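These numbers were taken from a predicted model, which means no experiment stands behind them. Residue numbers begin at 1 in each chain, while the letters A, B, ... track the order of the sequences.
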2 protein chains.
Amino acid sequence: MCAEYATRPREQIAQILRSERRYLSAAEVFRALQRARARVSLSTVYRTLDRLRAKGEASSRIDEQGEATYVICTTSHHHHAICRVCGHVEEVACDPMERFTEALKAYHGFELDAHAMEFFGRCARCR
Amino acid sequence: MCAEYATRPREQIAQILRSERRYLSAAEVFRALQRARARVSLSTVYRTLDRLRAKGEASSRIDEQGEATYVICTTSHHHHAICRVCGHVEEVACDPMERFTEALKAYHGFELDAHAMEFFGRCARCR
DNA sequence: CATGGTTCTGCCAATGATTCGCAAATTATA
DNA sequence: TATAATTTGCGAATCATTGGCAGAACCATG
Ligand SMILES: [Zn+2]
Ligand SMILES: [Zn+2]
Ligand SMILES: [Zn+2]
Ligand SMILES: [Zn+2]
């Protein structure tokens, strides 16, 4: 039990996420699938996106309208810079965080075990 | 037109947010109101919380279950450290960000105009 | 390439937080 | 108190997301 099948729908969904390097909602992925003549149900899109996130292959965020959106990740621990113009997502390394860790412990008595960061602005192409 | 009324429900809602220094959902605020024998509808709770956020007096985040939660803010630009045990929220100043700003511009060509950060761990009392 | 057990998918109904519409209540002002 | 503007409460509507389940797809084995 607990095996893992490589199926057509999953490959088609991953394909779309890989080609678009920006946060996509389930509905957007679904529309892209239809445009590509791929017959995949919305349920499967939801399930597959969540599965990718659980496996750490995708990252998710809630957009301004409260919808869950997903983007493929490559490196392990990092953060995202999101272009306000084109939506392009850049993976950002996380070096200067030790400063925060120290400051939080020294000043607030707070012991850090995780953090989340998002950056917004304009990417190189959109400037 | 466009005046602003100080009403009982609004004061009661703000009261609850001020006393609990952690992220509360609309439903939690509503239950707290009932416990305090305050007769305020859930709709008003939703409207008031969103209004506080719009005025910058509260900050909101989506919790693990996808629900919107709110906490009162005092200082202007800052971030939140959230205790995993008691939910206590600590406001954290934002000094080391210039490093990220520089790195993003130099390395990724990305021009920053905003960022969001969240820290998780255990507060001083819960350690 | 047939079989059989497991895993996935599609369909469609249910869920549940949030929003909307509107009449009645509240607030501010005079 | 009278008046106009704003807010509230209620219930219905919205809409992304989840759940249940029967059938299809997958894959190892003989
Ligand atoms: Zn861009
Ligand atoms: Zn980091
Ligand atoms: Zn704590
Ligand atoms: Zn900051």
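- Taking atom CD of A:Gln12 as the reference point, atom P of C:dC8 lies 16 Å away to the nearest angstrom.
- Going from atom CD of B:Glu67 over to atom C1' of C:dG16 covers 9 Å, rounded to whole Å.
- The interatomic distance linking A:Ile13 (CD1) with C:dC8 (C1') rounds to 11 Å, in whole Å.
- Spacing between atom CG of A:Asp50 and atom C1' of C:dT9 amounts to 16 Å, rounded to whole angstrom units.
- Scanning both residues, B:Asp50 and B:Arg53, for their nearest heavy atoms gives OD1-NH2, 2.6 Å.
- In this structure, B:Arg18 pairs ionically with B:Glu11, as a charged nitrogen and a carboxylate oxygen lie closer than 4.0 Å.
- Distance, B:Asp63 CG to C:dG16 P: 15 Å, rounded to whole Å.
- Here the closest non-hydrogen pair linking B:Ala68 and B:Ile62 is CA-CD1, 4.1 Å.
- Computed from coordinates, the A:Ile62 CD1 to C:dA17 P distance equals 15 Å when rounded to whole Å.
- B:Glu118 and B:His80 are not linked by any side-chain donor-acceptor pair at a separation below 3.5 angstrom, with hydrogens and angles left out of the test.
- The aromatic ring centres of A:His115 and A:His77 sit less than 6.0 Å apart.
- To the nearest angstrom, P of D:dA16 lies 12 Å from CD of A:Glu28.
- Summarising the geometry of B:Gln12 relative to B:Ala38, their closest heavy-atom pair is NE2-CB, 3.3 Å, with the distance given to 0.1 Å.
- As rounded to whole Å, 17 Å separates atom C1' of D:dT8 from atom CD of B:Glu11.
- For the contact set between residues 30-49 of chain B and DNA chain C, defined by any heavy atom under 4.0 Å, the members are B:Ser43, B:Tyr46, B:Arg47.
- Considering every non-hydrogen atom in both A:Ile82 and A:Gly87, the closest pair reads CG2-O, 4.2 Å.
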(request) Apply the test side-chain contact (heavy atoms from CB on, under 4.5 Å) to residues A:His78 and A:Cys94: give CA-CA distance (whole Å), side-chain angles for both, the deciding distance (0.1 Å), then the verdict. (result) CA-CA 6 Å; A:His78 62 272; A:Cys94 175; 6.0 Å; no

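- Outside the 6.0 Å centre-distance limit, the rings of B:Tyr70 and B:Tyr23 are not counted as a close aromatic pair.
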Nucleotide N/O to protein N/O under 3.5 Å, stretch nucleotides 25-30 of chain D:
residue: D:dC26; atom: O2; partner: A:Tyr5; partner atom: OH; Å: 3.4

